[in-house]
Enquirer: 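A single structure is presented below for examination.
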Amino acid sequence: MAIRPILHYPDPRLRTKAAPVADVGPEIRELIEDLAETMYAAPGVGLAAPQVDVPLRVFVVDIAAADEPSSLHVFVNPEIVRREGTLSWQEGCLSFPTVAEEIERAAAVTVRARDADGQPFELQADGLLAVAIQHEHDHLDGVLMVDHIGPLKRRIVHRKMMKRQRGGS
Ligand code: NI
C-alpha cells in the first residue's frame with residue numbers, strides 16, 4: 001500500500017474522461033488500497049482514481065466521522081441509475097485544498113457498480129453518502145466542483161487555486 005500524490009486543480013489531467021476497468025485484478029486491487037490509504041491520510045471522504053493520475057473508473061468513499069468505525073465503499077465502473085430530489089451541501093475536494101462551496105445535487109441516488117472483488121452490487125444512498133458518490137462520479141468524467149458553481153464564484157476559486165499553485169504548495 002502506498003499514499004499517492006493527489007493532483008490539484010487546475011491540473012489538466014483532472015479533466016480526463018476515465019476509461020472503464022476491464023478486469024478487477026491485482027493491479028486494480030492495489031489501486032483501490034492506495035486510494036483508500038491516500039483518502040484516509042488526507043483526510044477526505046472520497047477519492048477518485050483520476051485524482052491520483054490513474055484515468056480509470058474507480059473511486060472510494062468513506063463518510064464515517066472520525067469517532068465512528070470506518071465504512072469503506074469501493075466503486076468500480078459505477079453507474080448512477082437513479083437520482084431523486086435536490087440537496088445542497090457544503091462540499092470540499094482533495095484536488096481543491098482549502099476550498100468549500102455550497103453545491104446542489106440529487107438528494108438520493110441509486111448506484112450500480114462492482115466492488116473490490118469484481119462483484120456487482122447496487123446501493124441506495126442519501127444525504128452525505130449520495131453527495132460524495134455524485135462528487136466522485138463526476139471526477140470519472142473530468143467534471144469538477146467548479147463546474148457546479150456560478151461564474152463569479154468559479155473565478156474566485158480559480159484565482160485562489162492559481163495563487164496557491166504559484167506559492168508552490
Ligand atoms: Ni473531488
Side-chain angles (χ1 to χ4, degrees), residues 2-21 28 31-66 70-80 83 86-109 111 113 115-116 123 125-151 153-165 167 169:
I3 291 175
R4 303 199 189 186
I6 297 172
L7 302 179
H8 290 165
Y9 177 89
D11 193 306
R13 288 170 289 182
L14 290 169
R15 291 302 193 177
T16 311
K17 188 168 164 65
V21 170
I28 296 300
L31 169 66
I32 290 165
E33 284 182 9
D34 288 357
L35 281 172
E37 193 179 355
T38 306
M39 171 183 73
Y40 289 129
V45 297
L47 187 64
Q51 291 179 277
V52 295
D53 199 19
V54 177
L56 289 173
R57 302 186 80 78
V58 180
F59 64 77
V60 296
V61 167
D62 188 342
I63 59 154
S70 66
S71 168
L72 182 67
H73 295 277
V74 174
F75 300 85
V76 177
N77 297 343
E79 214 185 321
I80 296 175
R83 298 170 192 261
T86 56
L87 173 67
S88 222
W89 204 283
Q90 177 110 330
E91 295 185 24
C93 177
L94 294 176
S95 294
F96 290 79
T98 75
V99 172
E101 290 292 338
E102 194 86 12
I103 290 173
E104 197 171 276
R105 306 264 186 193
V109 296
V111 57
D115 65 17
L123 176 74
D126 57 19
L128 176 56
L129 185 56
V131 168
I133 288 168
Q134 291 169 85
H135 177 116
E136 299 311 326
H137 188 268
D138 271 357
H139 277 297
L140 308 183
D141 293 322
V143 175
L144 302 173
M145 58 188 288
V146 278
D147 303 327
H148 290 282
I149 58 181
K153 277 186 177 172
R154 192 181 311 150
R155 207 151 57 226
I156 292 167
V157 170
H158 180 77
R159 282 167 64 170
K160 187 174 180 178
M161 292 300 297
M162 293 304 282
K163 203 170 159 187
R164 198 175 184 281
Q165 187 186 46
S169 55

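Just so you know, ligand 1 is whichever comes first in the structure, and atom 1 is the first atom listed for that ligand.
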Enquirer: Using only atom types and a distance under 3.5 Å, with no angle test, would you say the side chain of Arg57 pairs donor to acceptor with the backbone of Ala18?
Expert: yes
Enquirer: Sort by chain and number the protein N/O/S atoms that are closer than 2.8 Å to the Ni ion (ligand 1), and list them.
Expert: Cys93 SG, His135 NE2, His139 NE2
Enquirer: Strictly by salt bridge (charged side-chain N to carboxylate O under 4.0 Å, His left out), give each pair with a member in residues 4-21 just once, sequence neighbours left out.
Expert: Arg4-Asp34, Asp11-Arg13, Arg13-Asp53, Arg15-Asp147, Lys17-Asp141
Enquirer: Who are the salt bridge (Lys or Arg N to Asp or Glu O under 4.0 Å) partners of Lys160, not counting sequence neighbours?
Expert: none
Enquirer: Heavy atoms only: give me the nearest Ala106-Arg83 pair and the separation to one decimal.
Expert: CB-CB, 3.7 Å
Enquirer: For Phe96, what residues pass the ring pair (Phe, Tyr, Trp, His ring centres under 6.0 Å) criterion, not counting sequence neighbours?
Expert: Tyr9
Enquirer: With side-chain contact (heavy atoms from CB on, under 4.5 Å) as the criterion, how do Glu101 and Glu91 come out once you've worked through the C-alpha distance, each side chain's angles and the decisive distance to 0.1 Å?
Expert: CA-CA 5 Å; Glu101 290 292 338; Glu91 295 185 24; over 6 Å; no
